[in-house]
Amino acid sequence: MSVVGKKFPSVSIDAMSEMGDDLKINVFEEAVNKQKKVLLFWYPKDFTFVCPTELHAFQAALPDFEKRNTIVIGASCDTNEVHFAWLNTPKDNGGIEGVTYPILADTHRHLANILGIVDQDVEYDEDGNESFSGSNVTFRATYLIDETGKVFHEGVNDMPVGRNVKEYLRLIDAYAHVQKHGEVCPANWEEGKEAMSANRTGVAEYLSAN
């Protein structure tokens, strides 16, 4: 079920810092208490293939997110100990050494199940016995949360498909423009381009000019 337009679930989850500190992070409170936007991205597993490319890509763009008053948080269902081992594995050996943002360790899948992003199906036979299928890890889900704790974007990729980090910067820019100017952002809008008023006159003027 979609959480766009709703408050992000207020749940505290174990997390690991790049320094090896065990943390508890409530994503909703991070946004509201710090008055920042939050980008939360879920990936399937530590020590896998597409995943480290994404974690390094978000790290490379971290200054761009910080300029936009946005906190980046990673998340998977691995344990803090596995996160820390991966953080201490060099990049040229498939690790994420150098990543500095925190990573949630939702080992009980509490938040992931609330969000409905775990790859698992449950079936019952005639006697009511359960059988499970799926990987029991999360898809590549991404959430953008504003300073009030409201979700203004969510997206879910299947596991083989990596994300485009630049698109999340564009989405944050667009939402910040809406917040500041009260206009709406048309298709393919980027920072510096024309937006429009949310009425018939606004769309007519925009389409006639574009």
Side-chain angles (χ1 to χ4, degrees), residues 1-4 6-34 36-62 65-66 69-89 94-120 134-147 149-159 162-163 165 168 172:
M1 184 175 66
S2 175
V3 293
V4 170
K6 302 173 184 176
K7 298 295 186 181
F8 192 80
S10 182
V11 178
S12 294
I13 301 294
D14 289 335
M16 173 57 60
S17 78
E18 83 279 9
M19 300 300 293
D21 298 318
D22 291 322
L23 309 172
K24 282 279 190 182
I25 293 180
N26 183 312
V27 175
F28 174 82
E29 291 180 355
E30 286 289 298
V32 174
N33 295 345
K34 295 181 179 179
K36 291 179 179 288
K37 294 180 175 67
V38 175
L39 182 147
L40 171 66
F41 74 98
W42 293 81
Y43 61 92
K45 280 184 180 181
D46 294 0
F47 291 100
T48 52
F49 316 112
V50 176
C51 298
T53 70
E54 292 192 311
L55 273 82
H56 285 298
F58 280 110
Q59 178 66 33
L62 201 58
F65 287 106
E66 291 172 347
N69 194 42
T70 301
I71 299 168
V72 173
I73 301 173
S76 81
C77 298
D78 294 284
T79 66
N80 269 351
E81 292 77 14
V82 175
H83 285 339
F84 190 56
W86 205 25
L87 283 162
N88 282 279
T89 302
I96 58 166
E97 187 177 43
V99 166
T100 60
Y101 49 81
I103 305 173
L104 301 186
D106 189 16
T107 55
H108 296 292
R109 293 158 175 75
H110 181 41
L111 180 55
N113 279 318
I114 291 172
L115 296 170
I117 57 172
V118 178
D119 175 31
Q120 184 181 86
S135 63
N136 201 32
V137 297
T138 67
F139 295 105
R140 298 187 192 281
T142 315
Y143 299 87
L144 292 174
I145 301 146
D146 72 12
E147 298 86 348
K150 187 183 82 172
V151 179
F152 65 93
H153 168 82
E154 69 176 333
V156 183
N157 292 6
D158 200 357
M159 294 173 196
R163 282 163 278 219
V165 173
Y168 301 107
I172 293 167

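If you're wondering where the values come from, they're calculated on a predicted model, not measured in any experiment.
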Side-chain touch [X]/[Y], heavy atoms, less than 4.5 angstrom:
| X | Y | answer |
| --- | --- | --- |
| T138 | Y43 | no |
| L39 | Y143 | no |
| F65 | I172 | yes |
| I25 | I73 | yes |
| N113 | L111 | no |
| S10 | E29 | yes |
| S76 | P44 | no |
| L87 | V99 | yes |

Is there a donor-acceptor contact under 3.5 Å linking the side chains of N80 and D22? yes
Q.
Between E154 and T142, is there a side-chain donor-acceptor contact under 3.5 Å, judged purely by atom types and distance?
A. no
N/O donor to acceptor pairs below 3.5 angstrom from side-chain atoms of residues 52-59, sequence neighbours left out:
unit_1, atom_1, unit_2, atom_2, d
T53, OG1, V50, O, 2.5
E54, OE1, R140, NH1, 2.8
E54, OE1, R163, NH2, 2.8
E54, OE2, R163, N, 2.8
E54, OE2, R163, NE, 2.9
H56, NE2, G95, O, 2.8
Q59, OE1, T100, N, 2.8
Q59, OE1, T100, OG1, 3.3
Q59, NE2, T100, OG1, 3.1

As an exercise, state the distance from [atom1] of [X] to [atom2] of [Y], rounded to the nearest 0.5 Å.
| X | Y | atom1 | atom2 | result |
| --- | --- | --- | --- | --- |
| C77 | K45 | SG | NZ | 10.5 Å |
| L115 | L40 | CG | CG | 7.5 Å |
| F139 | I117 | CZ | CD1 | 9.5 Å |
| N69 | K34 | CG | NZ | 11.5 Å |
| E18 | I96 | CD | CD1 | 10.5 Å |
| F8 | F28 | CZ | CZ | 10.5 Å |

With H83 as partner, the option from D78, D14, D46 fulfilling side-chain hydrogen bond (donor to acceptor under 3.5 Å, both in side chains) is D46
For residues [X] and [Y], report the shortest heavy-atom separation together with the two atoms involved.
| X | Y | result |
| --- | --- | --- |
| N157 | G162 | ND2-O, 3.7 Å |
| L62 | Y101 | CD1-CD2, 4.2 Å |
| M159 | V137 | CE-CG2, 3.8 Å |

Can you tell me if K36 uses its side chain to pair, donor with acceptor, with the backbone of V32 under 3.5 Å?
-> no
Short question: side chain of N88, backbone of F84 - any donor-acceptor pair under 3.5 Å?
yes
Those residues at least two apart in sequence (or on a different chain) that pass salt bridge (Lys or Arg N to Asp or Glu O under 4.0 Å) with K37 are E147
